[in-house]
Amino acid sequence: MTQSPGQGNALDNLLTESRTFPPSDEFAAQANAKPELYEEAKADREAFWAKQAERLHWDTKWNQVLDWSNAPFAKWFVGGKLNVAYNCVDRHVESGHGEQVAIHWEGEPGDSRAITYAELQREVSKAANALTSLGIGAEDRVAIYMPMVPEAIFAMLACARVGALHNVVFGGFSAEALRTRIQDSEARLVITTDGQYRRGNPAPLKPAVDEAVAGAPSVEKVIVVKRTDTEVAWTDKDVWWHELVDGQSDQHTPEAFDAEHPLFILYTSGTTGKPKGILHTSGGYLTQASYTHHNVFDLKPDTDVYWCTADIGWVTGHSYIVYGPLSNRVTQVVYEGTPNTPHEGRHWEIVQKYGVSIYYTAPTLIRTFMKWGADIPAKYDLSSLRVLGSVGEPINPEAWIWYRENVGGGKTPIVDTWWQTETGAIMISPLPGVVSTKPGSAQRPLPGIGAKVVNDEGVEVPHGGGGYLVLDEPWPSMLRGIWGDEERYRDTYWSRFADQGFYFAGDGAKYDSDGDLWLLGRVDDVMNVSGHRISTTEVESALVSHPTVAEAAVVGASDDTTGQGIVAFVILRGGAGSDAGGAEAIKALRDHVAKEIGPIAKPRQIMVVPELPKTRSGKIMRRLLRDVAENRAVGDVTTLADSSVMDLISAGLQSGK
Ligand code: 6R9
């Protein structure tokens with residue numbers, strides 16, 4: 001492995017975790033998931049997935065479950081036709097649930113809106129008609145750059161309805177990051193808002209779109225939702241959402257598309273500076289999103305209130321706010337803002353207000369709640385909660401136990417769900433009511449999914465040993481490629497274990513002696529900061545694009561709250577003034593990274609150094625820099641071209657330069 005696991009040695013020690021929490025008889029008796037699912041899937045995987053696909057409404061049934069003849073390009077439910085938006089909205093209205101609340105939307109300033117399935121159907125239909133009026137149809141790309149407002153969900157579903165691909169870009173990304181994503185996907189339309197609420201204040205959003213669109217000639221129109229009512233500059237491409245959409249007919253007949261019709265592109269960091277446009281399609285993706293949401297969260301559509309705290313800018317928002325939950329006729333909370341606005345009990349206040357019963361969040365937030373103190377959740381009535389979920393990075397057992405005790409009242413199952421933008425839906429997770437949960441372990445591949453831990457040669461590692469996580473069977477919601485880059489798709493995921501035909505996930509993993517799976521963090525140059533994937537190269541390119549920087553090396557160092565924190569080592573250009581490396585210069589660099597990528601990529605720490613440790617072939621030895629960043633004794637330096645470099649670096653840091 002080229003990189004040690006995200007949580008360093010801590011996780012190794014915790015692998016001896018032996019506490020387990022069996023489901024109560026009461027929970028098991030009512031659980032959606034039954035133990036037989038594992039057997040059923042093992043007996044006939046394709047028949048199993050075909051049965052799961054029956055959860056959806058198909059206009060035309062498929063004639064082949066899986067076509068893997070052109071591997072690694074899969075086709076699932078070949079010949080089938082469906083409309084994804086119809087499955088998430090209309091069919092629930094048609095089955096008599098039009099008055100059920102689909103979305104309890106909670107704005108950061110305290111405004112709220114309850115949207116029923118009937119209303120959702122009208123809003124999505126109007127938005128779909130608006131897209132059609134702009135000439136947007138099947139196969140067109142639409143970039144969505146919005147905060148968590150209901151229109152963002154309407155927009156995604158409207159795209160799905162007319163067969164256009166959405167490319168949602170997280171609202172925290174910079175203009176530059178937005179521009180490259182618009183350009184790579186050649187989006188014809190951008191949907192955005194005037195501004196967004198962040199930590200109690202309105203912040204402008206549209207200026208970033210203006211800047212991005214100025215450098216992205218494919219964009220013909222920009223639809224702007226009025227959210228904060230901040231004044232915005234106006235160009236002749238711009239049109240207000242309320243002027244374009246509100247007057248449209250609320251009737252729209254959905255068209256059935258092929259099961260393999262592309263649904264969306266979502267960019268994620270890889271090991272190079274250029275983000276990858278992960279492509280997902282319709283039938284297989286929706287099948288697995290729906291199946292996993294039903295079984296992993298045990299959703300009961302008539303009684304549960306579900307809340308996934310992700311942003312729609314990430315894959316978790318796509319699969320577990322929009323497609324999985326809505327296909328299952330969820331009633332869910334969607335919250336616009338930050339967890340400590342206006343106070344640190346905001347999430348628990350919302351749980352109490354809506355009677356949330358299923359809550360799905362990220363370890364980084366759980367650790368933040370821990371820091372804020374157990375007395376905060378203790379002030380609220382959280383007795384409605386019955387299932388808790390975790391996603392985005394390994395959850396350390398302490399955080400897991402804290403979550404169960406202080407949020408779950410010491411009784412709720414916790415589902416630690418491993419998956420990726422590329423896998424489209426959950427792959428590894430305990431099934432609540434079936435599996436005895438174990439703090440810190442994602443435990444086992446879901447029924448229908450195959451996962452192995454292998455060594456460099458692709459040979460399975462015996463239980464107890466660490467290795468690479470691979471997926472050894474195609475799955476319905478797997479990515480269908482990287483937008484516009486077939487070679488990169490093969491190289492990144494399928495070349496490492498080409499002989500075995502395994503998908504290489506990029507994570508280290510280990511099965512313990514009980515056969516439970518532990519995820520040990522990335523094994524490539526991808527960092528995981530608060531559950532967000534950021535590549536070291538991306539941050540390095542941003543740093544060296546600043547005029548004062550000659551060279552930069554970036555590592556992810558263990559961080560108690562964010563999992564990993566970004567630590568940058570920079571060599572400044574000779575000409576940089578005498579205060580080089582001073583607080584101001586460093587602030588300028590951090591701001592520069594925020595401008596190039598987004599605030600989430602701001603280094604936690606920037607160290608100015610005279611040299612970087614390199615091998616004779618010129619490769620930066622990040623392992624040694626990580627030792628420095630994590631305050632450890634520096635490891636083996638014998639492969640360095642100049643072994644005195646590490647002394648220079650350490651001496652410079654100690655003297656405070
Ligand atoms: C859904 C999502 C994927 C990477 C993945 C892994 C890490 C996600 C995890 C987990 C340990 C879990 N990851 N869930 N690691 N336990 N339950 O996060 O997608 O943003 O693409 O990140 O996140 O390293 O490879 P994405």
Side-chain angles (χ1 to χ4, degrees), residues 1 3-7 10-11 14-15 168 170 172-173 264-271 275-278 280 288-289 292-293 296 308-321 323-324 360-366 388-397 399-400 403 414-430 437-446 451 453 468-471 477-479 482 492-493 503-510 516-535 556 562-564 600:
M1 291 188 203
Q3 185 166 328
S4 62
Q7 308 263 327
L11 255 182
L14 298 166
L15 286 175
V168 182
F170 174 55
F173 274 125
F264 66 84
I265 304 170
L266 183 60
Y267 286 82
T268 187
S269 291
T271 50
K276 303 175 285 199
I278 303 301
H280 282 288
Q288 196 174 329
T292 52
H293 181 258
V296 173
C308 165
T309 70
D311 189 284
I312 49 146
W314 308 110
V315 74
T316 306
H318 283 59
S319 304
Y320 296 105
I321 292 179
Y323 294 111
Y360 187 31
T361 196
T364 185
L365 190 59
I366 299 167
L388 301 177
S390 171
V391 62
E393 52 174 321
I395 177 165
N396 45 310
W400 195 103
Y403 193 28
I414 296 182
V415 289
D416 175 6
T417 62
W418 180 90
W419 59 295
Q420 311 178 295
T421 306
E422 291 87 340
T423 69
I426 298 171
M427 303 292 283
I428 302 173
S429 165
T437 56
K438 184 188 273 187
S441 166
Q443 298 193 299
R444 49 180 89 172
L446 290 179
V453 175
Y468 302 105
L469 177 70
V470 296
L471 304 170
S477 64
M478 68 194 292
L479 75 167
I482 294 177
T492 312
Y493 307 106
Y503 168 91
F504 173 62
D507 279 36
K510 180 167 180 161
D516 285 322
L517 190 59
W518 293 74
L519 279 309
L520 304 176
R522 301 290 305 186
V523 293
D524 53 16
D525 290 331
V526 174
M527 299 174 286
N528 189 325
V529 182
S530 298
H532 300 145
R533 279 164 67 172
I534 300 166
S535 88
T562 60
Q564 284 188 304
I600 52 166

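The chain is numbered in sequence order, starting from 1. Both ligands and their constituent atoms are indexed starting at 1 by order of listing.
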Q: Among all protein heavy atoms, pick out the one at the shortest distance from atom 1 (C) of ligand 1; state its residue, atom name and that distance to 0.1 Å.
A: W419 CE2, 3.4 Å
Q: Any N/O of G392 closer than 3.5 Å to an N/O of ligand 1?
A: yes
Q: Would you give the length of the straight line joining atom CE of M427 to atom CG of L469, rounded to the nearest 0.5 angstrom?
A: 9.0 Å
Q: Heavy atoms only: give me the nearest P430-I414 pair and the separation to one decimal.
A: CG-O, 3.9 Å
Q: As an exercise, state the distance from CH2 of W400 to OG1 of T437, rounded to the nearest 0.5 Å.
A: 3.5 Å
Q: Say whether D416, considering both its backbone and side-chain N or O atoms, lies within less than 3.5 Å of an N or O atom on ligand 1.
A: yes
Q: Going by heavy-atom distance to atom 16 (N) of ligand 1, choose the closest among E393, E422, M527.
A: E393
Q: Distance under 4.0 Å to a non-hydrogen atom of V315: what atoms of ligand 1 satisfy this?
A: 1 (C), 19 (O)
Q: Give me the residue, atom name and distance of the protein heavy atom closest to atom 4 (C) of ligand 1.
A: R533 CD, 4.0 Å
Q: Hey, does the side chain of Y503 reach the backbone of T423 with a donor-acceptor pair shorter than 3.5 angstrom?
A: no
Q: Within the side chain of Y403, is there an N or O that forms a donor-acceptor pair under 3.5 Å with the backbone of G389?
A: yes
Q: side-chain contact (heavy atoms from CB on, under 4.5 Å), that's the test. Do R533 and T421 meet it? Break it down for me.
A: CA-CA 10 Å; R533 279 164 67 172; T421 306; 4.1 Å; yes
Q: Does only the side chain of T316 get under 4.0 Å from ligand 1, or the backbone, or both, or neither? Count heavy atoms.
A: side chain
Q: How close does the nearest protein non-hydrogen atom get to atom 24 (O) of ligand 1, and which residue and atom is it?
A: D507 OD2, 2.8 Å
Q: To the nearest 0.5 Å, what is the distance between CG (D416) and CG (D516)?
A: 11.0 Å
Q: Run the numbers for me: atoms of ligand 1, each under 4.0 Å from some heavy atom of V391, listed by number.
A: 1 (C)
Q: I'd like to know if the side chain of Q420 reaches the main chain of A505, judged simply by a donor and an acceptor atom lying under 3.5 Å from each other, with no hydrogens or angles considered.
A: yes
Q: If we count only N and O atoms by modelled type, under 3.5 Å, do the side chains of T417 and Y360 hold a donor and an acceptor together?
A: yes
Q: Test your reading of the structure: does T421 have an N or O sitting under 3.5 Å from an N or O of ligand 1?
A: yes
Q: As an exercise, identify every atom of ligand 1 less than 4.0 angstrom from a heavy atom of T417.
A: 9 (C), 12 (C), 14 (N), 17 (N)
Q: Check Q420 against ligand 1 and report side chain, backbone, both or neither, counting heavy atoms closer than 4.0 Å.
A: both
Q: Would you mind telling me if ligand 1 is within reach of the side chain of N528, the backbone, both or neither, using heavy atoms under 4.0 Å?
A: side chain
Q: Is ligand 1 less than 4.0 angstrom away from at least one heavy atom of P394?
A: yes
